[in-house]
Protein chains: 2
Amino acid sequence: MNNTRFATALHILTLLADSNEEWISSEWIASSINVNPVVVRRELSVLNEAGLVLSRKGKAGGSALAKNSSDITLDSIYRAVKNSEVLGKRNEKTNPQCPIGKEINAKLDGLFSSIDDSVIRELQGRTLESFVAEFH
Amino acid sequence: MNNTRFATALHILTLLADSNEEWISSEWIASSINVNPVVVRRELSVLNEAGLVLSRKGKAGGSALAKNSSDITLDSIYRAVKNSEVLGKRNEKTNPQCPIGKEINAKLDGLFSSIDDSVIRELQGRTLESFVAEFH
DNA sequence: TTAAATGTAACAAAAAATATTACATTTAAT
DNA sequence: ATTAAATGTAATATTTTTTGTTACATTTAA
């Protein structure tokens with residue numbers, strides 16, 4: 001994760017959680033994050049697929065949380081936006097002639113996914129509600 | 001971490017651990033990983049700074065582990081190569097007019113570093129020796 | 001019918017990661 | 001001493017990833 005997707009997604013959800021059931025526009029969200037509205041809509045679309053937000057089109061459209069912020073744990077956000085593993089990428093063309101090169105990616109698979117799992121577990125213990133509660 | 005640096009570093013160290021005290025060349029390491037030797041030398045230099053490997057120049061030069069593989073925990077490798085946080089980057093230009101935009105990066109700091117810490121702890125429990133032992 | 005919103009494709013630009021070239025320096029061995 | 005083989009590293013190029021932008025079809029409330 002060398003990108004801003006998690007920060008963007010959590011920012012979006014924090015605004016929605018803080019908006020008293022109002023449907024807020026991507027334009028408005030974008031101005032808080034200070035990124036292009038299209039970037040926000042793209043992320044909203046991902047969060048929608050993950051079942052975290054609802055959106056509606058048309059005049060008076062916008063987005064809102066799909067469930068209570070106490071029922072949204074941070075791991076679901078992470079999972080929705082994650083596009084790489086914690087320990088990064090493997091070298092894909094390791095030498096099959098070399099005993100180490102031949103096997104290392106299989107070994108890395110186990111390590112990489114167990115580290116990823118530990119992050120997921122850590123995030124499962126935190127809710128959007130408690131994150132939002134940190135703001136006053 | 002959306003790069004191959006951890007995989008590359010661990011590959012290098014695995015080869016060194018497996019090499020019976022021989023000093024092996026970056027050329028040889030590169031052919032196992034299948035990357036450019038300069039990439040290997042750059043990473044060796046980082047691992048050297050971290051106190052994990054020794055290198056010597058000249059004919060019959062090469063690299064070797066600086067300490068026993070049982071004394072190398074994976075977190076030291078991770079720390080040496082890590083150049084981004086687990087949850088990625090923050091949006092750097094959030095809106096100071098917005099109550100959320102104004103504070104979110106401070107809140108993310110706490111979250112991001114506690115997740116990073118949990119990864120470090122997880123990696124501390126694993127040694128290079130036991131990783132290498134998985135190969136036969 | 002119009003205004004204001006989403007949804008998304010297509011493309012552009014910027015940033016990050018990786019590869020390559022070149023060469024100075026070091027050191028062992030002949 | 002000279003040579004061969006290695007590291008160290010700067011400079012640059014290329015590729016991949018990330019982010020931004022433009023454009024426009026579609027939806028919906030007023």
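Since this is a predicted model, take the numbers as computed values, not measurements. Chain identifiers are assigned alphabetically (A, B, ...) following the order of the sequence lines, protein sequences preceding nucleic acid strands; residue numbering begins at 1 within each chain.
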Asks: Do the rings of A:F6 and B:F112 sit parallel, tilted or perpendicular, given the 30° and 60° boundaries?
Replies: tilted
Asks: Name the closest nucleotide to the A:K59 side chain, picking from D:dT18, D:dT28, C:dA22.
Replies: D:dT28
Asks: With A:S70, which residues qualify under side chain to side chain contact (heavy atoms under 4.5 Å, CB included), at least two apart?
Replies: A:N68, A:E129
Asks: Please tell me which of the listed nucleotides, D:dT17, D:dT7, C:dT20, lies nearest to the side chain of B:V38?
Replies: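 It is C:dT20.
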Asks: Indicate whether OP1 or OP2 belonging to C:dG7 is found under 4.0 Å from a side-chain N or O atom of A:S45.
Replies: no
Asks: To the nearest Å, give me how far apart CH2 (A:W23) and C1' (C:dT6) are.
Replies: 12 Å
Asks: In whole angstrom, what separates A:R56's CZ from D:dA29's C1'?
Replies: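 Atom CZ in A:R56 sits about 10 Å away from atom C1' in D:dA29.
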Asks: Which nucleotide, if any, forms a Watson-Crick or G-U wobble pair with C:dA15, using both distances under 3.5 Å?
Replies: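 Base-paired to D:dT16.
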Asks: Could you check whether atom CD of A:E22 has more than 12 heavy atoms from other residues, nucleotides or ligands sitting under 6.0 Å from it?
Replies: no
Asks: Find the distance B:I12:CD1 to D:dT7:P and express it as a whole number of Å.
Replies: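 So the CD1-P distance, B:I12 to D:dT7, works out to 11 Å.
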Asks: So what's D:dT2 paired with, Watson-Crick or G-U wobble, going by both distances under 3.5 Å?
Replies: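 In the structure as shown, D:dT2 has C:dA29 as its Watson-Crick or wobble partner.
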Asks: Apply the side chain to side chain contact (heavy atoms under 4.5 Å, CB included) test between B:L108 and each candidate in B:R90, B:E85, B:K89; give the one that qualifies.
Replies: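 Among B:R90, B:E85, B:K89, the one that satisfies the side chain to side chain contact (heavy atoms under 4.5 Å, CB included) with B:L108 is B:R90.
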Asks: Can you check whether B:S25 has a side-chain N or O nearer than 4.0 Å to OP1 or OP2 of D:dA6?
Replies: no
Asks: Is there a Watson-Crick or G-U wobble partner for C:dA9 with both distances under 3.5 Å, and which nucleotide is it?
Replies: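 Paired with C:dA9, as far as the under-3.5 Å criterion goes, is D:dT22.
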Asks: Measure NZ/A:K57 against P/D:dC24 and give the value in whole Å, please.
Replies: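 Going from NZ in A:K57 over to P in D:dC24 covers 18 Å.
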Asks: If you assign B:S55 and A:V39 each to the DNA chain D nucleotide with the nearest heavy atom, which residue ends up on the more 5' nucleotide?
Replies: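 Comparing both residues, the 5'-ward one is B:S55.
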Asks: Whole angstroms only, please: what is the CD1-C1' distance between B:I29 and D:dT7?
Replies: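 Spelled out: CD1 on B:I29 to C1' on D:dT7 is 12 Å.
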Asks: 5'-most contact on DNA chain D: A:N3 or A:G58, nearest heavy atom basis?
Replies: A:N3
Asks: Less than 4.0 angstrom between a side-chain N/O of B:N2 and OP1 or OP2 of D:dT18, yes or no?
Replies: yes
Asks: Identify whether the distance between the nearest side-chain nitrogen and carboxylate oxygen of A:R121 and A:D117 falls below 4.0 Å.
Replies: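 No salt bridge links A:R121 with A:D117.
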Asks: Whole Å only: how far is the CD atom of A:E92 from the P atom of D:dT15?
Replies: 18 Å
Asks: Rounded to the nearest Å, what distance is computed from the CG atom of residue A:N91 to the C1' atom of nucleotide C:dA19?
Replies: 13 Å
Asks: Between D:dG8 and B:N48, is there an OP1 or OP2 to side-chain N/O distance shorter than 4.0 Å?
Replies: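 Answer no for this pair, as no side-chain N or O of B:N48 is under 4.0 Å from OP1 or OP2.
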Asks: Quick one: is B:S63 getting a side-chain N or O under 4.0 Å of the D:dT7 phosphate, OP1 or OP2?
Replies: no
Asks: Is there a donor-acceptor pair under 3.5 Å between the side chain of B:T73 and the backbone N or O of B:Q124?
Replies: no
Asks: Looking only at side-chain N and O atoms, does B:N83 come under 4.0 Å of OP1 or OP2 in C:dA17?
Replies: yes
Asks: If D:dA29 has a Watson-Crick or G-U wobble mate with both distances under 3.5 Å, name it; if not, just say none.
Replies: C:dT2
Asks: Atom NZ of A:K82 and atom P of D:dT18: how far apart are they, to the nearest Å?
Replies: 13 Å
Asks: If each of B:K89 and A:K93 is mapped to the nucleotide of DNA chain C with the nearest heavy atom, which maps nearer the 5' terminus, i.e. the 5' end?
Replies: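 Mapping each residue to its closest nucleotide by heavy atoms, the 5'-most match is B:K89.
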Asks: Could you tell me whether the phosphate oxygens of C:dT18, OP1 or OP2, come under 4.0 Å of any side-chain nitrogen or oxygen in B:T4?
Replies: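 Yes, because at least one side-chain N or O of B:T4 sits under 4.0 Å from OP1 or OP2 of C:dT18.
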Asks: Taking OP1 and OP2 of C:dT20, is either one under 4.0 Å from a side-chain nitrogen or oxygen of B:N36?
Replies: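 True: B:N36 side-chain N/O within range (under 4.0 Å) of C:dT20 OP1/OP2.
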Asks: What contact category does B:R42 fall into here, base, sugar-phosphate, or nothing, at under 4.0 angstrom with non-hydrogen atoms?
Replies: base
